[in-house]
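To start, the structure under review is shown below, and the notes come after it.
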Amino acid sequence: MSNRISTNVPLDQQDVRLKHEQGLAGTIRAFWVRVRTGDLGSLPVVVGLVIICSIFQYLNPVFLSSNNLVNLLFDCSTVGIIALGVVCVLMVGEIDLSVGSVSGLASTITGVLWVSNGWPVAAAILAALLTGSVIGLLYALLYNYFSMPSFVSSLAGLLAALGMQLYLLGNTGSINLPYGSPLVNFGQMLLIPDPLSYALVLLVGVGMFLTGYRSAQRRRNAGLSAPSLSNLLLKAAITIIGLGAIVFYLNQGRGVPWMFALFVALVVLMNYALTRTSWGRAMHAVGGNREAARRSGINVRFIYITAFVACSTLAAAGGILAAARLASSSQQAGTGDVNLNAIAAAVIGGTSLFGGRGSAFSALLGIIVIQSIASGLTLIDLSSSLRYMITGAVLAIAVIVDSLARRSRMSHGRA
Amino acid sequence: MPTRPTGTRTPVLSLRGISKNFGAVSALTDVDMDVHAGEVVALVGDNGAGKSTLVKILAGVHQPSSGTVIFNGEPVTISTPSVALNLGIATVFQDLALCENLDVVANIFLGRELSPFRLDEVSMEIKAWTLLNELSVRIPSVREPIASLSGGQRQTVAIARSLLLDPKLILLDEPTAALGVAQTAEVLDLIERVRDRGLGVVMISHNMEDVLAVADRIVVLRLGRNNGVFTPDTSHEELVAAITGASNNAVVRRAARRQQTDVGQHHP
Ligand SMILES: Nc1ncnc2c1ncn2[C@@H]1O[C@H](COP(=O)(O)OP(=O)(O)O)[C@@H](O)[C@H]1O
Ligand SMILES: [Mg+2]
């Protein structure tokens, strides 16, 4: 190389054209550059969430009370898990419009098998989940072998699943799940004991620090640049204090729901799968450039199968939890705004509709935004008609932000 | 120049009677080609001659309509790109097959990640830098998405990618088309180094200088058919004649005109 290489410069920072941001100020500057070029990440959501919370808190001081927030987390978990599945199909550049009715069908299957037919609850849940998987598999096969666009197959699926749900419920119309059963308790009142909740927060912070430290050390040993110890400590400290404060506040009310913990655990798991496994790489690649992925030897059809199956299975899981939350499987389960909310949550959270970009955490962030709006509007006594309109508008705004950010990224070479 | 094995051993790759139809268009008709280990075969021909189609058949992107592919003495069916990769055929496509949303490391290792259930990013990044430094590529950061790179930088990433797997045969479809002078020289050097390691190389290029500089044999395609095999001591004119299909073509006429004006200027 013609430009002089000094030996103590890390291997990945030797190019003279590369700007190196150092220290805290540098980190902030680099972040600002990313935002300006359209690499927005989760910034719009966080800003939006702050605005939404401020408005509702101003309109009704109950909004930010711990117990209202605890309820909000219960409500987030069910649709949030559905949104997590939607992230998977959006990642490969497809869509599933039937997640709502698949969740409704799963809720119905659980009720019918468990309560009406006396199956063990675990078997009923498993059957419901498997039904979801089979539906996803069907979409994937239609897509792979008949090139059926996923919005068409899933629209057909929406109607079919709804029909199945109504058929299974018959003229009973609704099945009540027994109060006091573990499933209903899980959906309505199981909370993490306070000490355990703090221990979990600590575990998250320490775990983050340790993995960060280990990888930083490996990078440094290999002659690559790595974040400094103080940087890692700062990050861990902010995480522990931030999460700790939130958990403390929630513990002033009823506490942190186990169901929400399950949702977050699934998000973390999915995040790992999407970012740290070759499956996740393949998902990004197929969504970004399907032909390039194929030529790299990736089994593109298999990736579509996993994406659709993951989506429908998670939709079914969300439906089962929704049944637990309501203690019933009814004709209304999965109808109304469930579908739109789940898809909107994924998009609002920052997963692109154009494929190849997104994160499991967008389901978490997005659903918190959606549920905050729903909860706030309920608190100020707005009818559901207005709620639908406002949620629709929020989705439209999120899609506009997504499109504008994409355009900006393209002109700044960030894909 | 080291003495290289010639036709005595079985070729790495033999094509016999390869044809490919796209609907009514016969992109390739009855094409034969041999590539030996440690040999650079240049595949030349005019636009639309079917060069890229031939490469895509070998890469498993397209299926031949008829004909046989013999790899290492065995007839093979290259039904998918991963079959080609597993055989040891690496390809740099003319229409670059990179994912713009992924960074350089992810693209180089796409489909071949180290430890699939717990990606080894550190080893992959180091290997990526090693490959890129071998190619004397100047890329500011391997953690930027491909979208932020220039055409030439992308080209070198694609070449680095093809070398990752230690293939037996490398197919390069116009690898120097987007490159600057220095980078082109680097790629030609690299092709020679790869050949000296005993790999078979198929290179497509429109640049006759490059072709004559590195090729051991030159296979000419014209309108999807074989139109002769030449050695690098063939004259430029002869090659052009084979490519365009006539000794009286635009290139020759132009050269003749040049000479006349030169002569005219010397003797007013
Ligand atoms: N995917 C395709 N579908 C239809 N026709 C194609 C396709 N790919 C190539 N062809 C046709 O095959 C012929 C050869 O193309 P190609 O192999 O790209 O030529 P080149 O020698 O310039 O690389 C052209 O006539 C082109 O139109
Ligand atoms: Mg071509």
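Both backbone and side-chain heavy atoms feed into the values below; hydrogens, waters and symmetry mates do not.
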Next item on the list: Heavy atoms only, distances under 4.5 angstrom: which of B/Asp120, B/Val83, B/Thr80 has the most pairs with chain A? Name it, please.
Entry: B/Asp120
Notebook entry, point to check: Using 4.0 Å as the upper bound for N to carboxylate O, is an ion pair formed by B/Lys56 and A/Glu291?
Noted result: no
Check: When heavy-atom pairs shorter than 4.5 Å are enumerated against chain A, which of B/Ile126, B/Thr91, B/Leu114, B/Val142 gives the highest number?
Finding: B/Ile126
Margin query: Tell me whether the NZ or CZ atom of A/Arg295 lies within the 45° cone about the ring axis of B/Phe93 and under 6.0 Å from its centre.
Written below: yes
Notebook entry, point to check: Judged by atom type as modelled, is there a donor-acceptor pair below 3.5 Å linking the side chain of B/Asn101 to the main-chain atoms of A/His284?
Noted result: yes
Margin query: Check this for me: A/Tyr213, atom OH, are more than 12 non-hydrogen atoms of other residues, nucleotides or ligands nearer than 6.0 Å?
Written below: no
Next item on the list: Report the option among A/Ala285, A/Ala293, A/Gly355, A/Ser215 that has the most heavy-atom pairs separated by less than 4.5 Å from atoms of chain B.
Entry: A/Ala285
Margin query: Taking CZ in B/Arg118 as the centre, count heavy atoms belonging to other residues, nucleotides or ligands within less than 6.0 Å. Is the count above 12?
Written below: no
Checklist line | Close side-chain approach of A/Asn289 to B/Leu98, heavy-atom, < 4.5 Å | finding: no
Margin query: Does any backbone or side-chain atom of B/Asp95 lie under 4.5 Å from a heavy atom of chain A? Answer side chain, backbone, both or neither.
Written below: both
Next item on the list: Measure the shortest side-chain to side-chain distance between B/Ser123 and A/Arg218 over non-hydrogen atoms and say whether it is less than 4.5 angstrom.
Entry: yes
Check: Would you say A/Gln217 has more than 12 foreign heavy atoms packed within less than 6.0 Å of its CD?
Finding: yes
Check: Closest heavy-atom contact between B/Val122 and A/Ala222?
Finding: CG1-CB, 3.8 Å
Margin query: Assess whether a salt bridge exists between A/Arg219 and B/Glu125, defined as any Lys/Arg side-chain N lying under 4.0 Å from an Asp/Glu carboxylate O.
Written below: yes
Next item on the list: Might you point out which heavy atoms bring A/Gly297 and B/Pro81 nearest each other, and give the distance in Å?
Entry: N-CB, 4.3 Å
Margin query: Looking at every non-hydrogen atom in both residues, tell me the closest pair between B/Leu110 and A/Ser296 and how far apart they are.
Written below: CD2-OG, 3.5 Å
Margin query: Would you say CZ of B/Arg16 has more than 12 non-hydrogen atoms from neighbouring residues, nucleotides or ligands within 6.0 angstrom?
Written below: yes
Next item on the list: Identify the heavy atoms of A/Ala292 and B/Cys99 that sit nearest to each other, and give their distance.
Entry: CB-SG, 4.0 Å
Check: Of the listed residues (B/Ala84, B/Gly60, B/Ala97), which shares the most heavy-atom pairs with chain A below a 4.5 Å separation?
Finding: B/Ala97
Next item on the list: Grab the two heavy atoms, one from B/Phe117 and one from A/Tyr272, that are nearest each other, plus how far apart they are.
Entry: O-OH, 2.8 Å
Check: Where does B/Val61 contact chain A at under 4.5 Å (heavy atoms): side chain, backbone, both or neither?
Finding: both
Notebook entry, point to check: Any sub-3.5 Å donor-acceptor pair from A/Arg276's side-chain atoms to B/Leu119's backbone N or O?
Noted result: yes
Check: Heavy-atom distance under 4.5 Å to chain A: side chain of B/Ala59, backbone, both or neither?
Finding: neither
Check: How long is the span from the CZ atom in B/Arg143 to the CG atom in A/Leu224, to the nearest 0.5 Å?
Finding: 8.5 Å
Note to self: Is the shortest side-chain heavy-atom distance between B/Glu113 and A/Thr277 below 4.5 Å?
What the structure shows: no
